[in-house]
Asks: 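Attaching a single structure in structure tokens format; questions to follow.
Counting starts at 1 for both ligands and their atoms, in listed order. Keep in mind that this is a model prediction, so the values were computed, not measured.
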Amino acid sequence: MSTTRIGTAVVPAAGLGTRFLPATKSVPKELLPVVDTPAIELVAAEAAEAGADRLVIVTSEGKDGVVTHFTEDPVLERALHAGGKSHLLEKVRRAQGLLAVESVVQDEPRGLGHAVACAEPVLRDDEDAIAVLLPDDLVMPRGVLETMARVRASRGGSVLCAIDVPKDQISAYGVFDVAAARGLGDDLVQAPGTSDPDVLQVVGMVEKPTVEDAPSTLAAAGRYLLDRAIFDALRRTLPGKGGELQLTDAIALLIDEGHPVHVVVHRGGRHDLGNPGGYLRAAVDVALSHDEYGPPLRRWLDERLGRGAGTFDPGATVADARG
Ligand code: G1P
């Protein structure tokens, strides 16, 4: 089956991480670990697996550590080597071996669309599409980008990842109006000519609509394979929701102009790493399938929850517990 080659993957990482303060006062949220691996390395690995050879991180002042994570640390590596800690050495070297990493600076927080636009000057002339991965979104299992690349190869245009979210949460997302779902309520039907029922044609997109105005419950899940035409559309897009330049609005403009846009509906898991609640769920989810940490964590959780959540006082001392 033919596929679109993914060369450059763009990762917007310029945000202030306000939902995660005070941790993000000095540590960029993209460096917070999911078990032991920072979110930025997880998306880099996902992009590399999908064939990307370059990661362009859109960063802002004070967030240099996000890029530093991908540079060699000779002192640390020598120390681990001398101590015979080959397992740790392998972990430390993993990020720098994934793909080439460079950064561009977004000097003002002007929205996701503006962040993506910042990557245009560093694109190679022969690249007709880019992947965009939002590091707040942990999409599991991996592999959706590969499916999206195959959809672009057969249908052209741009392809995005969608997840079906509960209606009362839809206002937190960019929401798709999909051709086959129009007028059919929740009963999604295959798009005409589509062999995969989880590939749908998009006829409109709206950023963070009210529940009443949401055209469906299919939400953008932070994975985009965008035709280079997006940059021209971004230049012609006015600030939208929150006064920011929204990527969603530029995609909506492309759709209005006849550019093909499809979604691959991801039926697996997805976590929002950008807030403590979502981050905790992601950490537990990933840890539960970890060879080393999974089994003891599962036992502990069973025990902890079995004792009756809510009756346990985390502030109590051991002496209190003993009575
Ligand atoms: C961004 C996008 C939104 C998308 C979401 C996915 O919103 O603007 O369209 O659905 O990411 O996580 P944010 O969560 O950054 O406000």
Asks: Is the shortest heavy-atom distance from the side chain of Phe231 to the side chain of Val116 under 4.5 Å?
Replies: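 Contact flag for Phe231/Val116 side chains = yes.
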Asks: Taking non-hydrogen atoms only, is Leu247 closer than 4.0 angstrom to ligand 1 via side chain, backbone, both or neither?
Replies: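 Neither part.
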Asks: Gly174 to ligand 1: N or O pair under 3.5 Å?
Replies: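 Indeed, backbone or side chain, Gly174 has an N or O that close.
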Asks: State the CZ-CD distance between Arg110 and Glu244, to the nearest 0.5 angstrom.
Replies: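 One finds 10.5 Å between CZ of Arg110 and CD of Glu244.
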Asks: Under 3.5 Å, N or O to N or O, is Ala172 touching ligand 1 that way?
Replies: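 No; every N/O pair is 3.5 Å or more apart.
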Asks: Against ligand 1, does Asp137 come closer than 4.0 Å with any heavy atom?
Replies: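 In this structure, Asp137 qualifies as a contact of ligand 1 - some heavy atom is under 4.0 Å.
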Asks: Is the closest basic N to carboxylate O distance between Arg5 and Asp126 below 4.0 Å?
Replies: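 Salt bridge between Arg5 and Asp126, a charged N being under 4.0 Å from a carboxylate O: no.
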Asks: For atom 10 (O) of ligand 1, grab the closest protein heavy atom and report residue, atom and distance to one decimal in Å.
Replies: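 Of the protein heavy atoms, Ala220 O, 2.8 Å lies nearest.
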Asks: Just which atoms of ligand 1 are under 4.0 Å from any heavy atom in Thr248?
Replies: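 That gives atoms 9 (O) of ligand 1.
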Asks: Kindly identify the option in Arg270, Glu244, Lys208 whose heavy atom sits closest to atom 13 (P) of ligand 1.
Replies: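 When every heavy atom of Arg270, Glu244, Lys208 is considered, Lys208 comes closest to atom 13 (P) of ligand 1.
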Asks: Taking the side chain as everything from C-beta on, heavy atoms only, tell me whether Glu212 gets closer than 4.5 Å to Ser171.
Replies: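 A side-chain contact under 4.5 Å is absent here.
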Asks: Does the side chain of Thr3 come within less than 4.5 Å of Arg150's, by heavy atoms?
Replies: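 Contact flag for Arg150/Thr3 side chains = yes.
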Asks: Distance to 0.1 Å, residue and atom name: give those for the protein heavy atom nearest to atom 9 (O) of ligand 1.
Replies: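 Nearest protein contact, heavy atoms only, for atom 9 (O) of ligand 1 is Glu207 OE1, 2.7 Å.
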Asks: Of Val139, Leu138, Val35, which is the lone residue that meets side chain to side chain contact (heavy atoms under 4.5 Å, CB included) with Leu42?
Replies: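 By the side chain to side chain contact (heavy atoms under 4.5 Å, CB included) criterion, Leu42 pairs with just one of Val139, Leu138, Val35: Leu138.
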Asks: So for Arg19, does at least one of its heavy atoms come nearer than 4.0 angstrom to any atom of ligand 1?
Replies: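 No; Arg19 lies far enough from ligand 1 that no heavy-atom distance drops under 4.0 Å.
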Asks: Protein heavy atoms near atom 7 (O) of ligand 1, is at least one of them under 4.0 angstrom away?
Replies: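 Looking at atom 7 (O) of ligand 1, one finds that a protein heavy atom does lie closer than 4.0 Å.
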Asks: If you count every heavy atom of other residues, nucleotides or ligands that lies below 6.0 Å from Glu90 atom CD, does the total exceed 12?
Replies: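 For Glu90, atom CD is not crowded (no more than 12 foreign heavy atoms under 6.0 Å).
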Asks: Are Arg298 and Asp302 ion-paired here, with the side-chain N under 4.0 Å from a carboxylate O?
Replies: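 Salt bridge between Arg298 and Asp302, a charged N being under 4.0 Å from a carboxylate O: no.
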Asks: Nearest protein heavy-atom contact for atom 1 (C) of ligand 1: which residue, which atom, what distance?
Replies: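 Checked against all protein heavy atoms, atom 1 (C) of ligand 1 sits closest to Leu134 CD1, 4.0 Å.
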Asks: Using heavy atoms and a threshold below 4.0 Å, how should the contact between Lys241 and ligand 1 be classified: side chain, backbone, both, or neither?
Replies: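 Neither part.
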